[in-house]
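Step one of this worksheet: look at the structure below.
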Amino acid sequence: MNEKRQNNYSNFSKDGFNKKSYYQSQEQKEDPDKVRIVPLGGLGEVGRNMMIIEWKEEAIIVDVGLNFPEEKTPGVDYVIPNISYLQKNKKRILGIILTHGHYDHIGAIPYILDKIGNPPLFGSALTLGITQKRQEEFPLQPKLRLNEIKEGDRIELGSFTVEFFHQNHNVPDGHGVVIETPIGNIINTSDFKFDSSPTNAPPTDFDRLNEIASRGVLLLMSDSTGAES
Ligand SMILES: [Zn+2]
């Protein structure tokens with residue numbers, strides 16, 4: 001983790017996400033016409049990506065990842081996002097978007113989904129295939145509610161519309177998402193690389209990105225390991 005960078009985020013401390021200040025801000029609920037974006041992991045760190053996007057009493061989630069521990073935490077097999085807020089508010093969850101099949105984006109599903117009401121999952125065929133295969137290692141967990149999407153698909157989840165666009169990454173069949181909220185569009189790029197001649201999938205479609213940008217972007221959430229260097 002990069003401590004210097006984490007200091008830029010008020011809810012983050014040296015130990016990661018600062019639950020106290022987050023829950024306090026949740027309780028205040030200042031302005032009901034705001035979209036709330038809550039990273040449960042993956043911001044300022046590599047791993048356990050999980051982002052809540054809320055509008056009034058509705059919530060969608062992007063990714064449910066886990067993190068593999070570092071040398072300073074011997075005996076720990078994996079680290080998952082803190083979901084206590086979601087457990088209290090699971091009725092709000094309309095669906096979970098899975099961007100791609102890496103474990104830092106889907107790996108916590110067997111540990112978390114049952115605790116938050118087993119909401120429906122939306123992802124590409126390969127992403128859902130990897131997710132399902134892993135779930136079979138956890139026979140006591142409930143059957144997953146899988147919904148396959150393709151590039152260009154648009155799905156409605158309450159007040160949100162989610163549109164999927166192709167991203168090139170080192171696992172195929174990954175997508176970024178445009179999340180249309182009542183106050184503007186949020187772009188979550190998911191993991192990506194700009195590679196003009198990739199071997200595993202088509203390259204980034206820059207015309208498509210331009211078209212998405214032309215609709216207006218309220219917030220860009222960009223995720224690419226090492227991008228800052
Ligand atoms: Zn990835």
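Both ligands and their constituent atoms are indexed starting at 1 by order of listing.
Rounding to the nearest 10°, we obtain 160° for the angle at the Zn ion (ligand 1) between His102 ND1 and Asp191 OD2.
For the pair Asp195 (side chain) and Asn168 (backbone), a donor-acceptor distance under 3.5 Å is absent. Judged by distance alone, with hydrogens and angles left aside, the side-chain atoms of Asn89 form no donor-acceptor pair with the main-chain N or O of Arg92 at under 3.5 Å. Panel note: side chain Asp63, backbone Gly65; no donor-acceptor pair is recorded below 3.5 Å.
Because its NZ or CZ atom is both nearer than 6.0 Å to the ring centre of Tyr103 and within 45° of the ring axis, Arg134 counts as a cation-pi partner of that residue.
The distance from the Zn ion (ligand 1) to the nearest N/O/S atom of His169 is under 2.8 Å.
The Zn ion (ligand 1) lies closest to atom NE2 when only the N/O/S atoms of His100 are considered.
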